[in-house]
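The structure appears right after this line, and notes come after that.
The sequence lines fix the lettering, A, B, ..., with proteins before strands; numbering per chain opens at 1.
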There are 2 protein chains.
Amino acid sequence: MATIYQVSEAAGVSLATVSRVMNGNARVSERTRKKVEDAMASLGYQPNAIAQSLASNRTNSVGLLVSELHGSYFGDLMSTVEQILKQNGKHVIITAGHVDEKREHEAIEFLKSRRCDALILHAEAVSDDYLKQLVDGNIPVVVINRKVDDLPDNCFVVDNEQGGYMATQAVINAGHTEIAYISGPLFKKDASDRLAGHKRALKEAGIAFKDDSVFEGDFHESAGQEGMLHFQTHYPNLTALVCANDEMASGAMTAAREAGFDIPSQLSIVGFDNVLLARYLYPKLTTINNPIHAMGEMAAYWVLQHVYNIKSPIPIEHLFVPEMINRDTLGNL
Amino acid sequence: MATIYQVSEAAGVSLATVSRVMNGNARVSERTRKKVEDAMASLGYQPNAIAQSLASNRTNSVGLLVSELHGSYFGDLMSTVEQILKQNGKHVIITAGHVDEKREHEAIEFLKSRRCDALILHAEAVSDDYLKQLVDGNIPVVVINRKVDDLPDNCFVVDNEQGGYMATQAVINAGHTEIAYISGPLFKKDASDRLAGHKRALKEAGIAFKDDSVFEGDFHESAGQEGMLHFQTHYPNLTALVCANDEMASGAMTAAREAGFDIPSQLSIVGFDNVLLARYLYPKLTTINNPIHAMGEMAAYWVLQHVYNIKSPIPIEHLFVPEMINRDTLGNL
DNA sequence: TTTAAATTTGAAAGCGCTTACACAAACCAG
DNA sequence: CTGGTTTGTGTAAGCGCTTTCAAATTTAAA
């Protein structure tokens with residue numbers, strides 16, 4: 001592996017000059033630039049990014065924490081962030097936190113130890129205090145899909161309450177009044193916000209909220225099946241089911257079908273997130289779009305602007321609006 | 001950010017000693033170890049991984065190239081590799097090549113410039129020669145899902161020909177004789193291997209192969225729809241369709257349903273890959289398992305063993321066998 | 001107690017770069 | 001042809017670590 005020293009020797013110039021042509025910034029005459037570039041090419045020189053980072057205190061890499069490396073929600077997020085940053089010559093280091101406080105913490109410390117220039121976090125388990133402390137530290141941080149009080153400028157979130165409201169409102173508008181709800185784990189802010197929106201829609205329509213009409217799931221497919229089973233005995237006359245995410249909706253659909261319900265003629269189902277999966281289900285799932293793509297994009301632009309002084313092509317916004325995606329699982333009563 | 005120098009000062013020892021307790025290897029007396037650890041804790045010291053890498057010429061990170069950051073196939077691969085390496089204190093730097101020669105090449109060069117200790121590549125677009133050259137270079141490389149001649153020890157592949165054979169054989173065993181095939185892009189080795197397997201099964205059963213019975217797709221869902229449409233006019237009496245991957249199978253199912261076919265009573269469909277999606281489809285897709293999880297695992301263990309001298313808990317194997325996954329889209333004739 | 005061997009520590013030389021700072025060369029108006 | 005600018009290049013001091021080598025200390029054996 002050739003080093004800058006060998007290049008400088010081959011080109012007959014000093015280290016500093018080689019470094020200058022590499023970085024393009026400083027002033028180098030055309031003639032020397034050419035000499036150096038030729039030397040680089042003939043040696044197959046490739047700068048050592050590690051050494052560059054150490055010397056410049058810039059790694060040109062941003063850390064991205066997601067909960068899982070699989071799943072279309074995170075796939076979307078990773079793809080978006082990577083694409084935008086790569087376009088601007090920055091790189092992404094991805095780690096997974098697995099919704100576990102210890103592992104998220106370790107992952108973040110890892111990214112810090114790698115001296116990422118900035119952090120984009122989809123952190124679910126770590127405390128608000130820790131995040132605040134992080135933001136106050138010397139590394140720029142943005143948080144996706146989580147609203148931390150006192151950090152309005154670092155958070156990018158979808159209006160979950162509004163999304164929950166819209167889902168239920170759509171069901172009500174289709175004439176339903178016997179509406180069950182499968183929520184996410186309520187200690188999670190997004191899950192409880194969505195449920196709050198559901199309740200608001202019910203209230204606004206003058207439909208009494210019954211405790212029996214909600215089942216607390218865990219956002220996984222199996223919880224959708226369990227929820228559906230639960231309602232068959234505890235809420236047998238339901239005609240519509242709104243689920244706090246698409247995976248649970250999928251599970252509920254499977255269970256409903258096995259129980260002999262036709263969707264949507266006998267049971268309407270609405271999801272949340274508009275994950276890729278939603279289009280593949282049969283019937284195609286009516287759901288609420290969670291603009292994860294837009295949030296990832298915004299987070300990436302925020303970093304470019306705040307850390308690398310590259311102006312964002314779009315204005316930075318922090319609150320994203322959910323959107324109704326009408327497909328085939330919501331029927332009129 | 002505290003440095004090793006400040007720690008050494010606080011602990012009243014030399015840099016070298018601090019480095020020793022950090023790395024755990026060398027011999028340090030209990031008393032000094034304690035002093036140093038206390039100093040580290042009270043300073044909140046966090047080693048600078050960049051500096052460590054530069055000095056030790058070890059980054060403890062392995063580069064992973066995938067085609068895309070989304071999609072359950074790659075999600076699976078990334079998850080598996082990350083999990084195993086993380087368990088052993090190594091980190092993964094993920095990049096995407098987007099099945100484009102230039103971008104794959106850039107991604108690999110990026111990983112090399114970051115001085116990854118090893119590379120795990122799911123490279124589809126880059127040439128065999130380039131890969132050979134890479135392997136001959138000074139960085140350990142393994143290739144997933146691609147068989148490069150002359151590099152038997154660096155490749156981990158599934159027997160695509162056998163998988164293609166099994167899919168078609170299953171269809172034949174169910175009594176079908178009018179069997180169409182939607183292939184992947186035939187310049188890709190895996191696609192042509194699968195098709196070869198399909199032909200072998202046909203031949204073995206004494207069913208003549210008709211050119212009209214295969215449609216070349218691109219592995220994307222839309223190609224499945226197009227293929228189905230194509231066959232409706234060019235091969236109207238087909239009773240079974242085998243697809244070279246699950247996504248195309250999904251597209252074909254949608255198109256078939258829209259054309260009024262009941263699956264599987266009027267049309268049987270078999271996929272390939274056994275991607276997560278296959279379980280969510282309705283009816284659930286009968287398919288061939290592509291052991292991407294096992295291959296990712298093996299690649300990770302190979303790296304641990306060959307690069308970090310950590311013995312693999314399982315014997316290293318290079319050829320993986322596909323497996324039939326019977327679900328609900330293949331019916332008897 | 002003496003001496004050799006084993007163990008623990010520190011000094012210092014890098015790792016491959018960036019980036020002040022200094023200096024030489026080339027330019028330009030007066 | 002001055003003296004002051006500008007421009008181009010080199011020197012050298014780091015960046016925060018690891019690691020060799022030798023010195024200092026402890027331990028064990030005689």
Describe, in one word, how the ring planes of A:H318 and A:F156 are oriented to each other, choosing from parallel (under 30°), tilted (30 to 60°) and perpendicular (over 60°).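 Correct class here is parallel.
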Any idea how B:H105 and B:Y130 line up, ring-wise: parallel (<30°), tilted (30 to 60°), or perpendicular (>60°)?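 Rings of B:H105 and B:Y130: tilted, 30 to 60°.
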Whether [Y] and [X] form a salt bridge (side-chain N of Lys/Arg under 4.0 Å from carboxylate O of Asp/Glu) is what I want to check.
X	Y	value
B:E124	B:R146	no
B:E37	B:K34	no
A:E106	A:R103	no

Distance-only polar pair, side chains of [X] and [Y], donor-acceptor under 3.5 Å:
X	Y	result
B:S113	A:Q46	no
B:D117	B:Y308	yes
B:N145	B:Y73	yes

Assign B:T32 to base, sugar-phosphate, or nothing according to its heavy-atom contacts below 4.0 angstrom with the strands shown.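 Here B:T32 touches the backbone only, sparing every base.
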[atom1] of [X] versus [atom2] of [N]: gap in Å, rounded?
X	N	atom1	atom2	answer
A:R31	D:dT7	CZ	C1'	15 Å
B:E30	C:dT8	CD	P	10 Å
B:N57	C:dA13	CG	P	21 Å

What's the closest nucleotide to the B:S14 side chain, out of D:dT9, D:dG10, C:dA11?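 Comparing D:dT9, D:dG10, C:dA11 against the side chain of B:S14, the answer is C:dA11.
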Can you name the atoms? Protein N/O to nucleotides 16-18 of chain C N/O, anything below 3.5 Å, with the distance.
| unit_1 | atom_1 | unit_2 | atom_2 | d |
| --- | --- | --- | --- | --- |
| C:dC17 | OP1 | A:Y45 | OH | 2.6 |
| C:dC17 | OP1 | A:N48 | N | 3.2 |
| C:dC17 | OP2 | A:I4 | N | 2.6 |
| C:dC17 | O5' | A:Y45 | OH | 3.4 |
| C:dT18 | OP1 | A:N23 | OD1 | 3.3 |
| C:dT18 | OP1 | A:N23 | ND2 | 3.1 |
| C:dT18 | OP1 | A:Q52 | NE2 | 3.3 |
| C:dT18 | OP2 | A:S19 | OG | 2.4 |

Counting just side-chain N and O atoms, does B:T17 come under 4.0 Å of either OP1 or OP2 of C:dT9?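 Result: no.
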Pull out every protein N or O sitting under 3.5 Å from an N or O of nucleotides 23-28 of chain C, one pair per line with the distance.
none

